[in-house]
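A short worksheet on the structure shown next.
Every chain is numbered from 1 and lettered A, B, ... according to where its sequence line falls, protein lines coming before strand lines. Atom set for the values below is all heavy atoms of this structure, side chains included, hydrogens, waters and symmetry mates excluded.
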2 protein chains.
Amino acid sequence: MTTIRGVANAAGSGGNGAKRPSVNLDDVSKTIIELLQHDGRKSYASIAQEVGLSEAAVRQRVQRLLDADVMQIVAVTDPLQVGFQRQAMVGLRVSGDMTSVADALTEMEEVSYVVTTAGSFDVLAEVVCENDAHLLELLTSRIRPLPGVTATETFVYLKLNKQLYNWGTR
Amino acid sequence: MTTIRGVANAAGSGGNGAKRPSVNLDDVSKTIIELLQHDGRKSYASIAQEVGLSEAAVRQRVQRLLDADVMQIVAVTDPLQVGFQRQAMVGLRVSGDMTSVADALTEMEEVSYVVTTAGSFDVLAEVVCENDAHLLELLTSRIRPLPGVTATETFVYLKLNKQLYNWGTR
DNA sequence: TCCCGCCGCAACTGATTCCGAAGTTTCTTC
DNA sequence: GAAGAAACTTCGGAATCAGTTGCGGCGGGA
């Protein structure tokens, strides 16, 4: 059994063999996350000064948070600005097990975001495509034929108005 | 007028006074972006080695890309893992100008994502709330009363299955 | 055609940061 | 209460970062 101050692991893995630990964060880790949400390249030393720990301790905590998949430090782009002409949200209605559909969508590289929801759609998937032909092929040949999918609705993006990730922690 | 090799700015600002430059990326900048999409803390030196530039040149390009808002380097978390109990996608039907509604949503701090779309919803907004009461207040008191909003539908997230940002460039 | 200004890149240097290892303290568990 | 593990601190060498300078290519205007 593993028990950490900042990150308490619990056996919460889902269907696929990947890691999905449910976590419990203390105030220091929350502050570290919030600082990195504003600037992913902020130095460990300056973070340490703000949270009152040594530089090495901050480094270890950040590594732990990354390993536990609580956060990821990445460059986020607006797809429309980097050459992807078609982006869309696809709502799916599913009969039976939603998990297998969600897992199948997760496997597709064009799919950037998958959530299971309560509402008139059971699953929402965000897809990033190069052009209309690519989007059409993805929808008709790979998403709609998935077993259990009874209906889909596609919302093509016209403009990305806001894209933020610094919502903090609670 | 400003003309850069990697990033060509054009006066493309929208309604609000913020920066919204349309851009044109060369292959080197695209490669830099893709490397940072996988690891936002990758060192400039190692990037320089892969793209065949000096470390300082890479650093200046990255700074330019950040200034131009082509990308942002941040820590991305799963809200459900950091204490936000309720996350949802809100679909809105709007009569008249969608822009003002989208702008109003953009101003709200609980709203992390806003897109205008083609389909049965005119605008999709992702919201991050602490609990049900918070979500209810946001929907009834601030989103639904927005002028022009004729209907809304809320999809409460049950599970975040996938969240990736390394879709590359084209 | 020549000149001049601008932009991007390379090279350089001091300051800062990163990183691994070892030692200490605190907490858990039996 | 003792043993073990987890988390933190300290520390020094290596690597990286940040700012500046100079060079070369490119485009605009006289």
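In this structure, B:A56 reaches the bases: a heavy-atom distance under 4.0 Å links it to at least one base atom across the strands shown.
Between A:R61 atom CZ and C:dC19 atom P the separation is 19 Å, expressed in whole Å. The separation between A:L66 atom CG and C:dC18 atom P is 13 Å, rounded to whole Å. Atom pair A:Q63:CD and C:dG20:C1' shows a separation of 13 Å (rounding to whole Å applied). Rounding to whole angstrom units, CG of residue A:L53 and P of C:dC18 are separated by 15 Å.
The nucleotide whose nearest atom lies closest to any side-chain atom of B:E55 is, among C:dC9, C:dA11, D:dA18, D:dA18. When distances run from any side-chain atom of B:R59 to the nucleotides D:dC8, D:dT10, D:dC17, the shortest one goes to D:dC17.
A donor and an acceptor atom, one from each side chain of B:H134 and B:E110, are located under 3.5 Å apart.
Less than 4.0 Å separates DNA chain C from at least one heavy atom of each of the following residues of residues 41-52 of chain A: A:S43, A:Y44, A:A45.
When atom types are taken as modelled, the side chain of B:R41 and the backbone of A:G40 share a donor-acceptor pair closer than 3.5 angstrom.
Minimum heavy-atom separation, B:T150 to B:V94: OG1-N, 4.1 Å. In terms of heavy atoms, B:I32 sits closest to B:I47 at CG1-CG2, 3.9 Å. Counting all heavy atoms, side chain and backbone alike, A:L105 lies closest to A:A125 at CD1-CB, 4.1 Å.
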What nitrogen or oxygen pairs link the protein and nucleotides 21-23 of chain D at under 3.5 Å?
none

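The list of salt bridge (Lys or Arg N to Asp or Glu O under 4.0 Å) pairs with a residue in residues 115-132 of chain A, not counting sequence neighbours, reads A:R86-A:D132, A:E130-B:R170.
A salt bridge does not link A:K30 to A:E34: none of the charged side-chain nitrogens sits closer than 4.0 Å to a carboxylate oxygen.
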Step by step, would you call B:R61 with B:D26 a salt bridge (charged side-chain N to carboxylate O under 4.0 Å, His left out)? CA-CA 11 Å; B:R61 278 197 184 231; B:D26 64 6; 3.0 Å; yes

